[in-house]
Amino acid sequence: MTTRQAGDGARRGTCGCGAPLLRQLVGRVAALSVVADARPLPLARALAAVEPNRLAWCLINGEHVEPRLRWINRGTHPATCPHAHVLDHRCNGPPRGRRP
Ligand SMILES: [Zn+2]
Ligand SMILES: [Zn+2]
């Protein structure tokens with residue numbers, strides 16, 4: 001057993017619309033391919049914006065660990081969680097003025 005697997009954490013990237021993103025496969029059995037906004041929100045705001053097709057994620061991001069998205073279980077996730085929280089990226093398409 002290894003304590004750390006390659007590709008375990010979130011990778012930073014940029015969407016076609018120019019938004020900074022975090023991408024990660026979340027989950028062990030049925031992994032979900034998550035594309036989240038890299039811009040953190042206060043937990044309350046992130047949770048308020050959750051919709052059936054838009055989830056909020058807890059972003060574990062410390063000095064000595066790679067960024068990592070974690071599913072927010074509302075039953076066990078603390079309201080005072082010190083981590084950053086992000087939302088699934090909702091793409092609004094390419095920025096204006098850059099039409100093909
Ligand atoms: Zn959290
Ligand atoms: Zn986008």
Side-chain angles (χ1 to χ4, degrees):
M1 289 280 279
T2 51
T3 53
R4 185 173 157 151
Q5 296 172 321
D8 224 18
R11 290 188 191 177
R12 290 189 183 276
T14 308
C15 182
C17 71
L21 299 176
L22 292 163
R23 299 172 200 267
Q24 189 189 315
L25 281 175
V26 178
R28 287 175 210 159
V29 182
L32 195 65
S33 180
V34 176
V35 179
D37 280 321
R39 200 173 60 139
L41 292 171
L43 177 61
R45 272 190 62 192
L47 290 179
V50 165
E51 294 169 16
N53 292 316
R54 194 177 200 201
L55 299 174
W57 303 93
C58 185
L59 178 61
I60 313 293
N61 193 2
E63 250 178 83
H64 305 291
V65 295
E66 58 185 338
R68 190 182 172 122
L69 298 169
R70 285 188 53 167
W71 168 266
I72 294 179
N73 180 328
R74 293 210 197 197
T76 56
H77 184 270
T80 54
C81 176
H83 298 295
H85 299 90
V86 296
L87 282 169
D88 278 342
H89 176 58
R90 176 163 290 175
C91 196
N92 294 316
R96 284 183 200 173
R98 276 191 59 195
R99 288 180 199 152

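Since the model is a prediction, treat every value here as computed from it, not as a measurement. Order of listing sets the numbers, starting from 1, for every ligand and every atom in it.
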### Message
Under 2.8 Å from the Zn ion (ligand 1), can any N, O or S atom of His83 be found?
### Response
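Short answer: no, not a single N, O or S atom is under the cut-off.
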### Message
Grouping I, L, V, M, F, W and Y whenever their side-chain heavy atoms are under 4.5 Å apart, do Trp57 and Val50 come out in a common cluster?
### Response
no
### Message
For the CD atom of Gln24 and the CZ atom of Arg12, what is their distance to the nearest 0.5 Å?
### Response
11.5 Å
### Query
Which distance, rounded to the nearest 0.5 Å, do you find between the NE2 of His85 and the CZ of Arg45?
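It is 14.0 Å, given to the nearest 0.5 Å.
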### Other residues, nucleotides, ligands: >12 heavy atoms within 6.0 Å of Arg39 CZ
no
#### Entry: Angular separation of His89 NE2 and Cys15 SG about the Zn ion (ligand 2), given to 10°
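My answer is 110°, to the nearest 10°.
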#### Entry: Degrees at the Zn ion (ligand 2) between the SG atom of Cys91 and the SG atom of Cys17, nearest 10°
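Between SG of Cys91 and SG of Cys17, at the Zn ion (ligand 2), the angle is about 110°.
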### Cys81 atom SG and His85 atom NE2 as seen from the Zn ion (ligand 1), angle to 10 degrees
110°
